[in-house]
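All chains are named by letter (A, B, ...) in the order of the sequence lines, taking the proteins before the strands, and each is independently numbered beginning at 1.
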Amino acid sequence: MEKMSEKEQQEVLLNYRIAYLADTMVNWCPALGTVLANDEVKDGVSLRGGHPVEQKVMRQWSLRVSAYAERLLKGLDNIDWTESLKEIQKNWIGRSEGAEMVFPVKDSDVEMKIFTTRADTVFGVTFMVLAPESELVDKIVKPDKKAEVDQYIKDARKRTERERMSEVKKMTGVFTGAYAINPLNNEEVPVWVSDYVLAGYGTGAIMAVPAHDSRDFAFARTFDLPIVQVVVPRGEEPGDIDKWDDARDSKEGYMINSGFLNGLNVPEAIEKTNEYIREKGLGEVKVNYRLRDAIFSRQRYWGEPFPVYYKDGMPYTLDESELPLELPEVDKYLPTDKGEPPLGRAKNWKTKEGYPLELNTMPGFAGSSAYYLRYMDPHNDQMLVSPEANRYWQDVDLYIGGTEHATGHLIYSRFWNKFLYDLGVVCKPEPFRKLVNQGMIQGRSNFVYRIKGTNTFVSYNLKNDYDVTPLHVDVNIVNNDILDIDAFKKWNPEYKDAEFILEEGDKYVCGWAVEKMSKSMFNVVNPDDIIEQYGADTLRLYEMFLGPLEQSKPWDTNGIDGVHKFLRKTWRLFSDRDDNILVTDEEPSKAELKVLHRTISKVTDDIERFSFNTCVSAFMICVNELSDLKCHKRAILEPLLVLLSPFAPHMTEELWHLSGHNDSIVDATWPLAEEKYLKDDTVIYPVSFNGKMRFKLEMPAQADNAEIEKAALEHEGAAKWIEGKTIRKVIIVPGKIINIVVS
RNA sequence: GCCCGGAUGGUGGAAUUGGUAGACACGCAGGACUUAAAAUCCUGUGGCCAUCGCGGCCGUGCGGGUUCAAGUCCCGCUCCGGGUACCA
């Protein structure tokens with residue numbers, strides 16, 4: 001066999017590299033000399049400047065994420081992430097099982113390869129569609145149609161992918177003049193070009209089954225193409241297609257108009273078709289993924305430069321001894337006159353041997369995909385992470401972050417980690433063992449109501465008696481929906497002489513709404529103000545007390561006094577009003593120990609569940625009870641302080657010192673709940689009749705079921721519920737409830 | 001359209017495995033202390049009925065069901081929030 005040239009070798013190898021150069025479609029703006037992201041383009045022009053934008057093929061670095069699609073999907077089963085996040089990733093990866101089938105083109109040696117998940121409906125194919133970008137278009141188009149087809153493709157190129165997707169209802173397309181042959185029934189069907197078929201998914205070509213796919217249906221109706229029903233839903237008769245206004249669902253039913261498949265139900269038909277095409281060599285069963293390779297080039301200055309140079313047009317990596325490659329100096333952070341990225345301006349941007357270096361830089365996710373590994377061994381200048389450091393730290397125990405990274409960073413990190421795992425650099429196949437999504441804090445806006453044409457404002461509950469305009473008012477001059485009228489007059493000169501119609505209690509009550517937090521709605525709350533007023537511990541505690549971590553909710557300071565009062569109350573267990581330390585070394589009572597150990601147990605448990613709001617209420621209960629007991633004992637208060645320290649670090653540190661410690665509370669040992677203090681001698685049973693609680697019954701903890709039943713039935717409160725009835729059953733759940741069934 | 005969440009008092013929320021619905025707070029009402037205010041403390045607070053200090057009925061978005069027992073499980077809806085979308 002003849003030896004390949006070096007260039008040929010490299011070309012072949014590029015098809016197998018994890019990072020590879022490939023021609024990809026981008027939004028190119030010639031006027032700006034740059035590639036634009038989808039959200040920088042609107043209506044075919046650049047958002048900035050309004051210059052025309054076109055679809056252009058550019059040679060870009062890509063990362064072969066698709067090679068890991070199956071493992072990225074499977075790996076989700078083994079990590080403790082939220083279901084919603086896993087779901088988003090599953091959909092993004094978009095695994096679909098189907099068949100890849102070949103349709104020969106009539107009077108030509110071209111074959112159209114299509115992917116379908118519904119091979120069973122192949123008898124319902126009445127036309128074929130190619131994506132405008134498909135290279136097959138040129139090969140099959142008939143001479144008399146060429147001009148028309150070329151024009152269509154040119155127009156389609158001007159529209160960005162996002163625009164194409166947003167115009168779902170408007171079908172456009174053009175006939176190529178060519179016909180494909182259905183390999184199952186040898187029927188000839190016309191081949192069209194339309195941008196509703198995407199080049200990037202499957203093979204960029206589809207078999208259209210208008211009777212059972214709503215996009216194909218819309219296309220057939222637009223261009224008057226035939227429609228053939230092949231699936232009839234169970235319990236229905238074949239329909240009159242002319243009367244349909246959309247495609248028929250075909251998930252369940254039996255086959256008609258389908259040759260050897262007639263009468264079979266859908267799953268049987270899929271199986272039989274797959275078998276048939278495999279046997280006849282018409283195609284193969286295949287799995288397709290929606291996940292696309294990630295484009296890894298950016299035409300801007302700020303980004304990691306690629307350690308890559310070009311020889312004979314082929315990319316080669318720099319030798320490790322040449323690393324790190326640092327960004328060169330440039331005169332301007334702008335593209336060159338030739339349209340090259342900013343690195344094209346750098347002088348001597350080439351290797352020692354004189355080969356030119358790559359001009360693109362890496363995107364943001366180059367840095368964000370593996371930083372957690374670097375954290376394990378930050379000073380290592382020989383490798384990303386040493387095997388020892390990696391074995392020690394392994395993976396990220398807990399990741400708290402928003403869902404907005406689901407299809408970007410969190411996929412890329414998993415992909416990088418898997419690649420590094422394959423290379424033996426890391427010891428864990430997944431980077432983030434557990435992931436929790438925190439909720440968003442929204443803004444709560446306040447409104448005042450101005451009577452139209454006046455400078456008079458009417459309070460919320462009286463506003464319906466007037467014709468009013470609601471106006472946003474700065475939430476910082478509103479307290480618990482009550483307007484600070486003086487502050488309001490000063491807020492805006494316009495309102496200096498404003499008048500007010502107040503309601504009961506001489507208050508001006510504001511209306512409210514939950515909206516995006518934004519300056520224009522005057523609902524931005526600066527945490528500095530709250531820290532100024534209440535302290536950082538109160539803010540921290542209040543954020544936790546607000547509700548479950550994962551829940552989004554409006555920022556609303558209505559309850560902040562509650563947690564602030566709690567902290568003051570805690571302080572008073574340690575110190576009186578005159579700053580005298582009250583802490584004593586007395587032996588704690590049984591009751592005090594019970595309060596403490598219950599709190600230790602509850603808080604320790606709740607932290608494990610990320611249920612911080614219930615931790616705070618457990619602390620409140622504890623402090624309320626200790627206050628009632630007038631407990632100032634060190635043996636109780638110090639463990640409590642340690643428990644509270646992650647929640648209110650500043651105050652607990654201070655109290656820790658005030659009560660005589662010189663070290664920091666962060667080094668204190670976490671207290672352990674002792675079982676013996678948690679147990680009660682008696683159990684208070686709720687006694688229910690037919691499931692409704694009627695009275696309570698206190699019983700010794702070790703009482704057996706017979707004793708409990710006897711005591712319950714003899715209780716003075718039981719008689720009126722038993723009287724004249726028959727006791728059917730007595731259910732006793734030890735330590736929990738008693739339910740007496742009567743009828 | 002599809003997928004995923006959620007809905008509990010005036011408000012935020014609690015109820016972890018089907019076992020006392022409304023913990024803990026906010027707010028509100030009343031009271032104590034005070035010349036007054038702040039701070040603090042006490043009492044009450046889901047709705048309806050009541051011979052309002054006995055007690056009863058209803059009640060976790062709606063309609064059914066399973067169960068001795070349902071906020072929790074099942075079936076069918078409504079509304080709200082989020083994600084995603086010509087994916088063949």
Side-chain angles (χ1 to χ4, degrees), chain A residues 82-88 90-92 94-96 98 114-118 121 129 161 164-169 171 194-198 200-209 212-216 218-219 288-292 403-404 406-407 437 439-440 442 480-481 505 512 514 542 545-548 550-554 556-563 565-566 568-569 572 577 602 605-606 608-609 611 613-622 624 627 684-696 720 728-733 735-743:
Chain A
T82 56
E83 277 313 306
S84 67
L85 195 45
K86 286 188 185 183
E87 206 57 41
I88 294 171
K90 268 179 206 163
N91 293 340
W92 189 257
R95 182 184 197 275
S96 56
I114 58 99
F115 175 74
T116 177
T117 54
R118 293 299 305 274
T121 62
V129 188
E161 198 167 320
R164 281 165 55 174
M165 288 191 278
S166 60
E167 288 172 8
V168 178
K169 275 145 222 126
M171 279 292 176
S194 172
D195 62 10
Y196 85 89
V197 175
L198 302 177
Y201 184 79
T203 60
I206 61 149
M207 61 176 213
V209 185
H212 304 292
D213 179 285
S214 55
R215 293 152 303 168
D216 297 345
F219 194 83
N288 234 308
Y289 300 91
R290 203 188 82 112
L291 184 71
R292 294 189 214 175
T403 37
E404 67 270 23
T407 57
N437 296 126
M440 278 185 310
Q442 298 153 318
N480 291 345
D481 291 336
W512 60 273
V514 172
Y542 183 58
F545 189 57
L546 224 40
E550 326 82 59
Q551 230 166 71
S552 279
K553 55 171 54 77
D556 177 345
T557 54
N558 277 346
I560 201 161
D561 276 333
V563 289
K565 275 187 208 162
F566 155 73
R568 297 166 77 112
K569 204 164 176 179
R572 283 199 307 278
R577 269 156 226 256
K602 170 84 176 152
D605 262 22
D606 285 359
E608 288 300 317
R609 299 192 293 131
S611 179
N613 54 327
T614 54
C615 287
V616 178
S617 56
F619 282 125
M620 288 173 168
I621 292 168
C622 174
N624 287 346
S627 299
I684 296 171
Y685 282 97
V687 182
S688 302
F689 289 83
N690 292 340
K692 280 188 202 295
M693 207 277 288
R694 297 302 174 181
F695 60 85
K696 284 172 188 173
K720 71 188 267 199
R728 297 284 170 200
K729 211 188 226 179
V730 178
I731 289 141
I732 295 168
V733 183
K736 287 253 164 151
I737 57 110
I738 300 165
N739 188 20
I740 297 160
V741 186
V742 295
S743 65

Output the single nucleotide from [options] whose closest atom is nearest the side chain of [X].
{"X": "N91(A)", "options": "rC26(B), rC41(B), rC3(B)", "answer": "rC3(B)"}
{"X": "Q551(A)", "options": "rA85(B), rG19(B), rG13(B)", "answer": "rG13(B)"}
{"X": "R568(A)", "options": "rU40(B), rC87(B), rU20(B)", "answer": "rU40(B)"}
{"X": "E87(A)", "options": "rC3(B), rG56(B), rC87(B)", "answer": "rC3(B)"}

Contact class for [X] (heavy atom, under 4.0 Å): base, sugar-phosphate, or nothing?
{"X": "R572(A)", "answer": "sugar-phosphate"}
{"X": "F566(A)", "answer": "nothing"}
{"X": "I206(A)", "answer": "base"}

Integer angstrom distance from the [atom1] of [N] to that of [M]:
{"N": "rA29(B)", "M": "rG83(B)", "atom1": "P", "answer": "40 Å"}
{"N": "rG30(B)", "M": "rU17(B)", "atom1": "P", "answer": "43 Å"}
{"N": "rC57(B)", "M": "rG5(B)", "atom1": "P", "answer": "38 Å"}
{"N": "rC74(B)", "M": "rC26(B)", "atom1": "C1'", "answer": "37 Å"}
{"N": "rG65(B)", "M": "rU60(B)", "atom1": "P", "answer": "15 Å"}
{"N": "rG46(B)", "M": "rA38(B)", "atom1": "C1'", "answer": "33 Å"}
{"N": "rG27(B)", "M": "rU11(B)", "atom1": "C1'", "answer": "7 Å"}

Thinking salt bridges, do D561(A) and K565(A) make one under a 4.0 Å N-O criterion?
-> no
Using a strict 4.0 Å threshold on nitrogen-to-oxygen distance, state whether R609(A) and D606(A) make a salt bridge.
-> yes
Donor + acceptor pair across side chains of K569(A), N624(A) (<3.5 Å) | yes
Regarding rG9(B), purine or pyrimidine glycosidic angle vs 90° from 0 gives syn
Heavy-atom closest pair (R290(A) atom, Y201(A) atom, distance to 0.1 Å) is CA-CE1, 3.7 Å
For [N], take OP1 and OP2 only and decide whether either is under 4.0 Å from a side-chain N or O of [X].
{"X": "K565(A)", "N": "rA39(B)", "answer": "no"}
{"X": "N613(A)", "N": "rA14(B)", "answer": "yes"}
{"X": "K692(A)", "N": "rC58(B)", "answer": "yes"}

